[in-house]
**Q** 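Got a structure here, written out as structure tokens. Questions coming.
Order of appearance sets the numbers: ligands from 1, and atoms from 1 within every ligand.
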Amino acid sequence: MNRYFLAIIGGGPAGYTAAEKASKAGKDVILFEQNALGGTCLNVGCIPTKSLLYGAKQYYNATHAQKYGVSAENVTFDFAAMQKRKTIVVRKLVAGIKARLNNDHCTVVNGAATVLPPLAPSLEERAGGEVCGVLVSCGDQTYEAENLMICTGSTNFVPPIPGIKDNPAIWDSTDALAATELPASIIIVGGGVIGMEFATLYHELGVPVTVIEAMPSILPNLDPEVVQILLDKYRKAGIQILTSTKVESIDGNTVSISSSSSSTSLTSLTSDKILVSVGRRANLQGLEALDGLEFNRGAIVVDEFCKTNLPNVYACGDVTGKIMLAHVASRQAEVAVGRMLKEIPLQRIAYNAIPSVVYTNPEIASVGITEQQAESMSIPVEVHKLPMTYSGRFMAENEGETGLCKLILDAKNHSVLGVHCIGNPCSEFIAAASFAVRMGYTAAEFRQVVFPHPTVSEILHETIV
Ligand code: NAD
């Protein structure tokens, strides 16, 4: 039996980043993936949605160009062609990952892996002599490795709402991405990140959209002032958004709701399709033999180096339930492999400086804490804000749009604790704000950074006083 330094289960952003880093360090690595390399992000998440959203934005801009003095007649779109392009983009990127792992001499096994009992004692626990590790089975083969990294990701959560199971009208995000035809109308259950990105896609392609959100606001974890700007724009544009509204049951294409707000007196709604996007859950299949592995709310508990409570067993990405974002997964993988390789100095993840983007139109981008989070943590803060229209470039390219940039400073030492923006293309400059939060810059230090003119990024510079 071949013996590997590292066995990785799952080939998403966590798994393939770990494989690349450990292989480049000259270690023997084996990676198991039951579907396609790239995981949810590349195959049924970030990349396919952004490909489709870009197509929708082209159509939307073409049909809304009069405000820039441009008119186009008979603008049409072909949804099947958009889907085909999305598939090609995904295929090329998956092939790229495959080639990179191949170049790094990482062994990739296509199949579902299962950890076998018992887990041998760790290297440290053995009093010298023979090296021990973990056993993983896949197909009819068994593989041995010194370290195990669990990067099995997450899947769409199916809430216990009567009428969801085996209902052909129900879609999850994977179904929606696979459909070659647009729905005639859609109800989206869950106004979180997935829900609002799909609401954007369908709305821009002319599909009537209703969003049902259980909380008092959509995107409940984001800055409420920023979210309100999106909410006002989307409602004005004709997207029906029902907040504080619960789905009681679903019967075929009809959703029965109850609302605790005055936003609707409706008790039921009907649409062609119903997209359910109410969160994701960690994938834990194949790990049953890891006796004693510690979980918290259905996710694997890890320390600051992504080590689990079991010797030589690490976990990275959505399966840790920390922050379900691809860039968190890949950073966790870098840190975990660094720990495994005993790199000096050991790196840690700055969870306080993780940027996030919601690809609505306009985009929302943020990093660090909100005003509300600061208050709940009893951190005195100063809040500075400017409308995006303060930026010349924004004005030139976003006719009729508003937007906001909010900066949260520590009231005592003026370090940058958070930045929250709405307005295109804030996804492209939030990294500058992440840098400031990560490095603990004070407002005065951040103010010394020169931003190119004319760019919308200058709004960061202007918001700091
Ligand atoms: P989410 O947690 O972002 O949103 C789920 C929403 O559903 C919440 O607002 C919640 O209040 C609501 N909800 C829950 N139960 C409900 C019910 N019964 N009826 C009505 N509303 C209900 O989850 P998601 O949108 O499914 O996304 C899953 C994960 O994927 C998230 O962690 C997200 O960050 C990640 N993701 C990120 C991006 C991105 O970075 N752009 C894109 C897509 C997904």
**Q** In terms of residue, atom name and distance, what is the protein heavy atom nearest to atom 7 (O) of ligand 1?
**A**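 Closest protein heavy atom to atom 7 (O) of ligand 1: Gly190 CA, 3.4 Å.
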**Q** Just to confirm my output: which protein heavy-atom neighbour is closest to atom 21 (N) of ligand 1, and how far is it?
**A**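 Minimum-distance protein heavy atom for atom 21 (N) of ligand 1 reads Ala214 N, 3.2 Å.
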**Q** Of all the non-hydrogen atoms in the protein, which one sits nearest to atom 1 (P) of ligand 1, and at what distance?
**A**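 The protein heavy atom lying closest is Gly192 CA, 4.2 Å.
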**Q** So which heavy atom in the protein is nearest atom 32 (O) of ligand 1, and how far is it from that ligand atom?
**A**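 It is Met324 CB, 3.3 Å.
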**Q** Counting each atom of ligand 1 from 1 as listed, which ones have a heavy atom of Met215 under 4.0 Å away?
**A**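 Ligand 1 atoms under the 4.0 Å threshold to Met215: 11 (O).
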**Q** Give me the residue, atom name and distance of the protein heavy atom closest to atom 18 (N) of ligand 1.
**A**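 Going atom by atom, the protein heavy atom closest to atom 18 (N) of ligand 1 ends up being Ile161 CD1, 4.0 Å.
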**Q** Quick check on contacts: which atoms of ligand 1 are under 4.0 angstrom from a heavy atom of Tyr359?
**A**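 Within the 4.0 Å cut-off of Tyr359, ligand 1 contributes 41 (N).
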**Q** In a check of side chain to side chain contact (heavy atoms under 4.5 Å, CB included) between Ile422 and each of Val227, Asp223, Val358, Leu230, which one passes?
**A**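 Exactly one candidate clears the test, Leu230.
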**Q** Counting only heavy atoms, tell me which of Val211, Val189, Ile194 gets closest to atom 44 (C) of ligand 1.
**A**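 That would be Ile194.
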**Q** Heavy atoms only: which of Thr360, Val193, Val278 lies closest to atom 37 (C) of ligand 1?
**A**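 Result: the heavy atom closest to atom 37 (C) of ligand 1 is in Val193.
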**Q** Output, in order, the C-alpha distance, side-chain angles, deciding distance and verdict of salt bridge (charged side-chain N to carboxylate O under 4.0 Å, His left out) for Lys21 and Glu343.
**A** CA-CA 12 Å; Lys21 180 164 169 132; Glu343 279 179 350; 3.1 Å; yes
**Q** Without hydrogens or angle criteria, can the side chains of Tyr351 and Glu304 be said to hold a donor-acceptor pair below 3.5 Å?
**A**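 There is no such pair between these side chains.
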**Q** Suppose I only count heavy atoms of Pro220 and a 4.0 Å limit; which atoms of ligand 1 are within that range?
**A**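 So the atoms of ligand 1 that pass are 9 (O).
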**Q** Decide yes or no on salt bridge (charged side-chain N to carboxylate O under 4.0 Å, His left out) for Glu20 and Arg100, but give the supporting numbers first.
**A** CA-CA 8 Å; Glu20 272 194 291; Arg100 275 156 54 184; 2.8 Å; yes
**Q** Can you confirm whether Glu428 is buried at CD, in the sense that more than 12 heavy atoms of other residues, nucleotides or ligands lie under 6.0 Å from that atom?
**A**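 No, the 6.0 Å shell around CD holds no more than 12 heavy atoms from other groups.
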**Q** Quick one: look at Val357 and ligand 1, take heavy-atom pairs under 4.0 Å, and tell me if it's side chain, backbone, both or neither.
**A**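 The backbone, only.
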**Q** Out of all atoms in ligand 1, which are within 4.0 Å of some heavy atom of Leu325? Include the element for each.
**A**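 Answer for ligand 1: 34 (O), 37 (C), 40 (O).
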**Q** Parallel, tilted or perpendicular, judged at 30° and 60°: which one describes the rings of Tyr234 and His203?
**A**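 Ring orientation of Tyr234 relative to His203: tilted.
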**Q** For ligand 1, note which part of Phe157 has a heavy atom under 4.0 Å away: side chain, backbone, both or neither.
**A**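 The answer is neither; Phe157 stays 4.0 Å or more away.
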**Q** Consider side-chain hydrogen bond (donor to acceptor under 3.5 Å, both in side chains). Of Glu197, Lys57, Glu204, which one does Asn361 pass it with?
**A**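 Of the listed options, the one satisfying the test is Glu204.
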**Q** Hey, looking at atom 26 (O) of ligand 1, which of Pro159, Gly279, Cys46, Ser217 has the closest heavy atom?
**A**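 It is Gly279 that holds the nearest heavy atom.
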**Q** Heavy atom of Ser356 under 4.0 Å from ligand 1?
**A**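 It does not, in that no heavy atom of Ser356 comes within the 4.0 Å cut-off of ligand 1.
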**Q** At a 4.0 Å cut-off, with the gap strictly under it, does some heavy atom of Lys246 reach an atom of ligand 1?
**A**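 It does not; every heavy atom stays at 4.0 Å or beyond.
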**Q** Please indicate whether Lys50 has more than 12 foreign heavy atoms, meaning atoms of other residues, nucleotides or ligands, lying under 6.0 Å from its NZ.
**A**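 Counting neighbours around NZ of Lys50, more than 12 heavy atoms of other residues, nucleotides or ligands fall under 6.0 Å, so yes.
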**Q** How far is atom 8 (C) of ligand 1 from its nearest protein heavy atom, and which residue and atom name does that atom have?
**A**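 Result: Glu213 OE1, 3.6 Å.
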**Q** Between the side chains of Ser258 and Glu248, does any donor sit under 3.5 Å from an acceptor?
**A**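 Side-chain D/A pair, Ser258 to Glu248: present.
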**Q** If I apply the N/O under 3.5 Å rule, does Lys50 come out as touching ligand 1?
**A**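 Among all N and O atoms of Lys50, none is under 3.5 Å from an N or O of ligand 1.
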**Q** What's the spacing between Thr210 OG1 and Ile187 CD1 if we round to 0.5 Å?
**A**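 That separation rounds to 5.5 Å.
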**Q** Angle class for the His461/Phe451 ring planes (parallel below 30°, perpendicular above 60°, tilted otherwise)?
**A**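 The arrangement is tilted - the two ring planes meet at 30° to 60°.
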**Q** Could you grab the distance from atom CG of Leu386 to atom CG of Leu407, nearest 0.5 Å is fine?
**A**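 Answer rounded to 0.5 Å: 9.5 Å.
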**Q** For ligand 1, which atoms have a heavy atom of Ile212 less than 4.0 angstrom away?
**A**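 Here the atoms of ligand 1 in question are 20 (C), 21 (N).
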**Q** List every atom of ligand 1 that sits less than 4.0 Å from any heavy atom of Arg280, numbering the atoms from 1 in the order shown and giving each element.
**A**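 Atoms satisfying the 4.0 Å criterion: 28 (C), 29 (C), 30 (O).
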